[in-house]
Amino acid sequence: EVQLVESGGGLVQAGGSLRLSCKVSGFPFYGEGSIGWFRQVPGKEREGISCISGRMSSTYYTGSVKGRFTISKDTAKETVYLQMDNLKPEDSAVYYCAADRLLIVKSMCRTLYGHDYWGKGIQVTVSS
């Protein structure tokens, strides 16, 4: 069974950095699917933040995080990372890791629900 477990969240001051990790156990990284990071604030729509191909190096970033966030993966460790730099208060949200066996990167991040697997989410809070 595929399981996703996020870690690395917490409280940070504006301008600071955090690195989120998503341990993706049992996922076929060498297939056509993708892994991605999403975030959601209560009362607002979920956002696809950054996604990466399981097999290739193709990536996607939403405009608000380009130049500040970097997604990467270590297939040997079955882990996907999200390095978040120059954090802003508006980045505060619950961050979720998701994986899908078939969706390519473009579709992975623009599709906000229904992915094959989801983590439980972790809180990121950026203080002003």
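Below, all heavy atoms of this structure are taken into account, side chains as well, without hydrogens, waters or symmetry copies. None of the values given here were measured: they were computed from a predicted structure.
Closest non-hydrogen pair, Pro89 versus Ser128, comes out as CG-CB, 4.0 Å. The shortest non-hydrogen separation linking Ser107 to Thr111 is O-OG1, 2.8 Å. Residues Gly48 and Tyr60 approach most closely at O-CE2, 4.0 Å, considering heavy atoms. Between Tyr96 and Gly119, the shortest heavy-atom distance links the atoms CD2-O, 3.7 Å. For the pair Tyr61 and Phe69, the tightest heavy-atom approach, listed with the atom from each and the gap, is CE2-O, 3.3 Å. Annotation for Leu87 and Leu18: closest pair CD1-N, 3.9 Å, computed over non-hydrogen atoms.
Atom OG1 of residue Thr59 and atom NZ of residue Lys73 lie 10.0 Å apart, to the nearest 0.5 angstrom. The CD1 atom of Ile35 sits 7.5 Å away from atom SG of Cys97, with the distance rounded to the nearest 0.5 Å. Of the inter-residue distances, the one linking Leu112 atom CG with Glu45 atom CD reads 5.0 Å to the nearest 0.5 angstrom. Atom CD1 of residue Ile104 and atom SG of residue Cys109 lie 11.5 Å apart, to the nearest 0.5 angstrom. In this structure, CD on Glu78 lies 10.5 Å from CG on Leu4, to the nearest 0.5 angstrom. Residue Ser50 holds its OG atom at 10.5 Å from CE of Met108, rounded to the nearest 0.5 Å.
Heavy atoms of other residues, nucleotides or ligands lying less than 6.0 angstrom from CD of Glu32 number 12 at most.
Salt bridge status for Asp116 with Arg101: present, with a side-chain N to carboxylate O gap under 4.0 Å.
Counting only N and O atoms by type, the side chains of Thr79 and Asp74 include no donor and acceptor under 3.5 Å apart. No side-chain donor from either of Lys77 and Thr75 sits under 3.5 Å from a side-chain acceptor of the other.
Shown are Gln123, Glu6, Gln40, Met84; of these, the side chain to side chain contact (heavy atoms under 4.5 Å, CB included) with Tyr95 is made only by Met84.
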>> With side-chain contact (heavy atoms from CB on, under 4.5 Å) as the criterion, how do Trp37 and Cys51 come out once you've worked through the C-alpha distance, each side chain's angles and the decisive distance to 0.1 Å?
In response: CA-CA 6 Å; Trp37 289 96; Cys51 294; over 6 Å; no

>> One pair to check against side-chain contact (heavy atoms from CB on, under 4.5 Å): Phe29 and Val24. What are the steps and the verdict?
In response: CA-CA 9 Å; Phe29 278 84; Val24 191; 3.9 Å; yes

> Between Ser34 and Asp100, is a side-chain hydrogen bond (donor to acceptor under 3.5 Å, both in side chains) present by the stated rule, with each step listed?
Replying inline: CA-CA 6 Å; Ser34 301; Asp100 194 275; over 6 Å; no

>> Assess the residue pair Arg46 and Tyr113 against the criterion (side-chain contact (heavy atoms from CB on, under 4.5 Å)); give the C-alpha distance rounded to whole Å, side-chain angles, the decisive distance to 0.1 Å, and a yes or no.
In response: CA-CA 9 Å; Arg46 184 178 297 172; Tyr113 301 92; 3.4 Å; yes

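Between Trp118 and Phe38, the gap from one ring centroid to the other is short of 6.0 Å.
Residues Ile71 and Val80 have side chains in contact (heavy-atom distance under 4.5 Å, counting atoms from C-beta outward). Residues Ser17 and Gln83 have side chains in contact (heavy-atom distance under 4.5 Å, counting atoms from C-beta outward). In this structure the side chain of Val65 reaches within 4.5 angstrom of the side chain of Arg39, judged on heavy atoms. Residues Gln3 and Lys23 fail the side-chain proximity criterion, which asks for heavy atoms closer than 4.5 Å.
Cation-pi geometry between Arg55 and Tyr30 is not met: the NZ or CZ atom fails to fall both under 6.0 Å from the ring centre and inside 45° of the normal.
A side-chain donor-acceptor contact under 3.5 Å links Ser92 to the backbone of Val126.
A single hydrophobic cluster is seen to contain both Val12 and Ile49, as judged by linkage of ILVMFWY side chains at heavy-atom distances under 4.5 Å, directly or through other members.
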